[in-house]
Amino acid sequence: MWSFLSAVDKIFDDLLLRESIFINREVLTHDYVPDELPHREEEISKLAYILASALKGGKPSNVFMYGKTGTGKTAVARYVLKKLADRASVIGMNVSFAYVNCRYRKTNYRVLAKICEELGCSGVPSTGLPTDVVFDKLRNFIERLNRLVIVILDELDWLVRNSGDDTLYQLTRINNDLENSKVSIIGITNDLKFREYLDSRVLSSLSEESIVFKPYNSEQLYDILKMRTQLAFKDGVVSEEALKLAAALAAQEHGDARRAIDLLRVAGEIADRRGDNKLTAEHIMLAQKQVDRDIIEMVIRKLPQQEQLVLLAITVLNNGDGQITTGSVKKVYEKICELLGYKPITLRRLNDILADLEMLGIITATIKSMGRYGRTRIIRLEVPRDILIGVLSEDEKYNEILSKNILN
Ligand code: ADP
Ligand code: MG
């Protein structure tokens with residue numbers, strides 16, 4: 001015990017005495033919105049131009065913004081809306097904003113409840129009312145606000161994939177029933193196929209204007225990193241080579257600025273932990289490994305329960321021999337439900353969940369013809385099994401399943 005305590009003391013002492021290479025680590029976290037967004041001047045001016053009519057009392061067109069993850073969509077939207085809010089308050093104009101990230105609120109009800117919360121419309125419990133009733137409450141509330149309301153639906157594909165487009169459709173029509181107020185919608189998605197599966201009526205009203213975000217190339221990512229480095233680290237501790245490597249790695253990863261910034265933050269943490277006073281390409285390589293792992297773990301932890309149960313079934317099957325098919329997943333999934341006392345979902349829902357897991361890159365499913373037996377999907381795990389086991393076994397119930405041999 002004593003030696004353990006002194007070991008802990010030593011860690012604390014070391015940490016307190018050691019100098020960090022960071023001056024402000026916060027600017028490398030996901031919540032930070034930078035003051036400047038290099039290489040997004042065009043997208044910023046386009047959005048500003050569309051929203052500017054608000055300042056003259058007009059209703060800005062709805063805007064649809066799309067592009068891959070980490071291309072700056074959320075940052076640009078927040079940046080321009082902040083400027084708009086500042087300007088509106090200077091000229092004494094009333095505009096309200098509601099920002100919803102649909103990845104974390106995938107049902108029509110929860111999205112509407114969040115919009116109510118953002119606008120300050122009380123009396124909407126987090127569950128319980130019929131969705132139509134919530135919609136009416138929201139519309140009446142907006143009408144009484146007597147102003148322009150801008151609703152930002154970020155990662156909108158999650159809502160539509162999960163719950164259909166009814167609410168989105170209603171929202172795009174809401175102005176027909178408003179006299180004193182107006183609503184403009186900014187829809188954002190990382191899913192480039194979203195346009196294809198969105199109903200064409202909804203798509204056309206949502207995308208009165210659209211802005212495409214192209215992936216950043218390695219030079220652009222370098223500039224973004226360079227700027228962030230100056231805020232985050234002490235002068236001269238980050239090597240040019242490290243910056244170039246982080247930019248190149250993130251450029252390969254579909255030009256993802258979030259990835260680039262994550263690499264830099266994690267590399268800095270690794271350097272600090274090792275007591276190194278320079279951040280080099282080697283730290284970036286180590287960070288690359290860790291970031292992959294972290295992302296997968298976070299995604300799995302955040303999955304809803306049914307998704308986790310399906311993934312648990314796949315993990316169990318992955319250990320057995322033979323191909324994993326929708327049928328075998330269903331069987332093992334149902335067995336797990338029985339053991340844990342959950343009510344199993346239908347085959348249709350199961351297929352939706354498999355599609356979700358594929359979207360997230362956790363599995364791939366390829367259709368295979370079985371001759372006269374029709375077709376089936378062959379499912380492959382795309383993430384290391386040990387990561388799945390690590391995360392899933394954090395839950396005692398899942399851990400029990402994983403430690404049993406339930407396949408026979
Ligand atoms: P998206 O919404 O397209 O997935 P984000 O807007 O969340 O991407 O951007 C990912 C990260 O990269 C955020 O931390 C954001 O601040 C940063 N970022 C993106 N584009 C730029 C840019 N042009 N300049 C500086 N930082 C940027
Ligand atoms: Mg985003």
Side-chain angles (χ1 to χ4, degrees), residues 22 24-48 63-83 97-106 111 114 151-161 185-195 210-233 238 243 246-268 287 291 294-295 298-299 302 359-361:
F22 286 107
N24 184 1
R25 183 183 159 284
E26 298 309 306
V27 302
L28 299 177
T29 58
H30 292 167
D31 296 333
Y32 177 77
V33 183
D35 294 334
E36 261 180 283
L37 297 167
H39 304 296
R40 280 300 176 243
E41 293 80 6
E42 243 177 73
E43 292 77 3
I44 289 173
S45 8
K46 187 155 182 199
L47 184 59
V63 192
F64 181 51
M65 316 211 307
Y66 60 100
K68 290 192 171 170
T69 312
T71 51
K73 300 177 299 295
T74 302
V76 164
R78 288 191 173 253
Y79 177 88
V80 175
L81 289 168
K82 164 125 198 354
K83 295 263 181 211
F97 302 91
Y99 175 88
V100 186
N101 189 327
C102 305
R103 182 191 284 258
Y104 308 114
R105 293 182 176 74
K106 287 185 265 197
V111 166
K114 177 67 179 171
V151 176
I152 303 100
L153 299 171
D154 204 349
E155 309 210 41
L156 179 55
D157 49 298
W158 285 91
L159 170 68
V160 175
R161 229 185 354 263
I185 300 170
I186 301 180
I188 307 178
T189 179
N190 296 334
D191 179 0
L192 300 183
K193 291 200 204 122
F194 183 59
R195 286 155 48 94
S210 55
I211 309 180
V212 192
F213 285 66
K214 290 204 237 33
Y216 293 112
N217 63 31
S218 165
E219 289 75 34
Q220 293 171 329
L221 289 169
Y222 173 88
D223 292 341
I224 291 171
L225 287 180
K226 184 89 184 171
M227 206 170 255
R228 224 43 98 80
T229 301
Q230 285 156 359
L231 301 171
F233 294 99
V238 181
L243 281 184
L249 289 172
Q252 278 171 23
E253 197 68 37
H254 65 255
D256 182 343
R258 173 168 318 142
R259 173 72 167 215
I261 294 167
D262 282 347
L263 283 175
L264 201 57
R265 186 190 65 252
V266 173
V291 167
D294 289 354
I295 290 176
M298 194 189 66
V299 168
K302 284 198 173 148
M359 248 293 293
L360 290 166

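First listed ligand is number 1; within each ligand, the first listed atom is number 1.
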For Gly72, atoms of ligand 1 separated by under 4.0 Å from a heavy atom: 1 (P), 3 (O), 5 (P), 6 (O), 8 (O), 9 (O), 19 (C), 20 (N)

Any N or O of Ala75 closer than 3.5 Å to N or O of ligand 1: yes

N, O or S atoms of the protein lying under 2.8 Å from the Mg ion (ligand 2): Thr74 OG1

Which residue and heavy atom of the protein sit nearest atom 2 (O) of ligand 1, plus the separation: Thr74 OG1, 2.7 Å

Heavy-atom donor-acceptor pair, Lys114 side chain to Tyr99 backbone, under 3.5 Å: no

The one among Ala260, Gly70, Pro34 that brings a heavy atom closest to atom 4 (O) of ligand 1: Gly70

Protein contact to atom 23 (N) of ligand 1 [nearest heavy atom, distance to 0.1 Å]: Pro38 O, 2.7 Å

Shortest protein contact, atom 20 (N) of ligand 1 (heavy atom only): Tyr216 OH, 2.6 Å

Ring-face cation contact, Tyr32 with Arg25, 6.0 Å cut, 45° max: no

From CZ (Phe213) to CE (Met65), nearest 0.5 Å: 4.0 Å

Proximal ligand 1 atoms for Arg40, defined as those under 4.0 Å from one of its heavy atoms: 23 (N)

N or O pair under 3.5 Å between His39 and ligand 1: no

Atom 13 (C) of ligand 1 within contact range, any protein heavy atom under 4.0 Å: no

Any N/O pair Lys73/ligand 1 closer than 3.5 Å: yes

Reported CG-to-CG distance for the pair Asn217 and Asp223, which is rounded to 0.5 angstrom: 9.0 Å

Glu41 CD: over 12 foreign heavy atoms closer than 6.0 Å: yes

Mode of Ile224 contact toward ligand 1 - side chain, backbone, both, neither (heavy atoms, under 4.0 Å): side chain

N/O separation below 3.5 Å, Ile261 to ligand 1: no

Proximal atoms of ligand 1 relative to Thr71 (non-hydrogen, under 4.0 Å): 1 (P), 3 (O), 8 (O)

The one among Arg228, His30, Arg258 that brings a heavy atom closest to atom 15 (C) of ligand 1: Arg228

Candidates Thr189, Asp157, Leu156, Ile211 - the one meeting side chain to side chain contact (heavy atoms under 4.5 Å, CB included) with Tyr66: Thr189

Side chain to side chain contact (heavy atoms under 4.5 Å, CB included) between Leu28 and Phe233, intermediate numbers included: CA-CA 10 Å; Leu28 299 177; Phe233 294 99; 3.8 Å; yes

Heavy atom of Gly67, distance to ligand 1 below 4.0 Å: no

Where Arg265 and Phe22 come nearest, the two heavy atoms and their spacing: O-CZ, 3.6 Å

Distance, nearest 0.5 Å, that separates CG of Leu225 from CD of Gln230: 11.0 Å

Asn24, CG atom: more than 12 neighbouring heavy atoms under 6.0 Å: yes

Residue pair Asp256 / Thr71, side-chain heavy-atom distance below 4.5 Å: no

From Arg259 atom CZ to Gln252 atom CD, the distance as rounded to the nearest 0.5 Å: 10.0 Å

Interatomic distance, Glu155 atom CD to Arg105 atom CZ [nearest 0.5 angstrom]: 12.0 Å

Phe213 and ligand 1 - part of the residue with a heavy-atom distance under 4.0 Å: neither

Nearest non-hydrogen protein atom, atom 18 (N) of ligand 1: Ala257 CB, 4.0 Å

Ring geometry between Phe64 and Phe194 (parallel below 30°, tilted from 30 to 60°, perpendicular above 60°): tilted

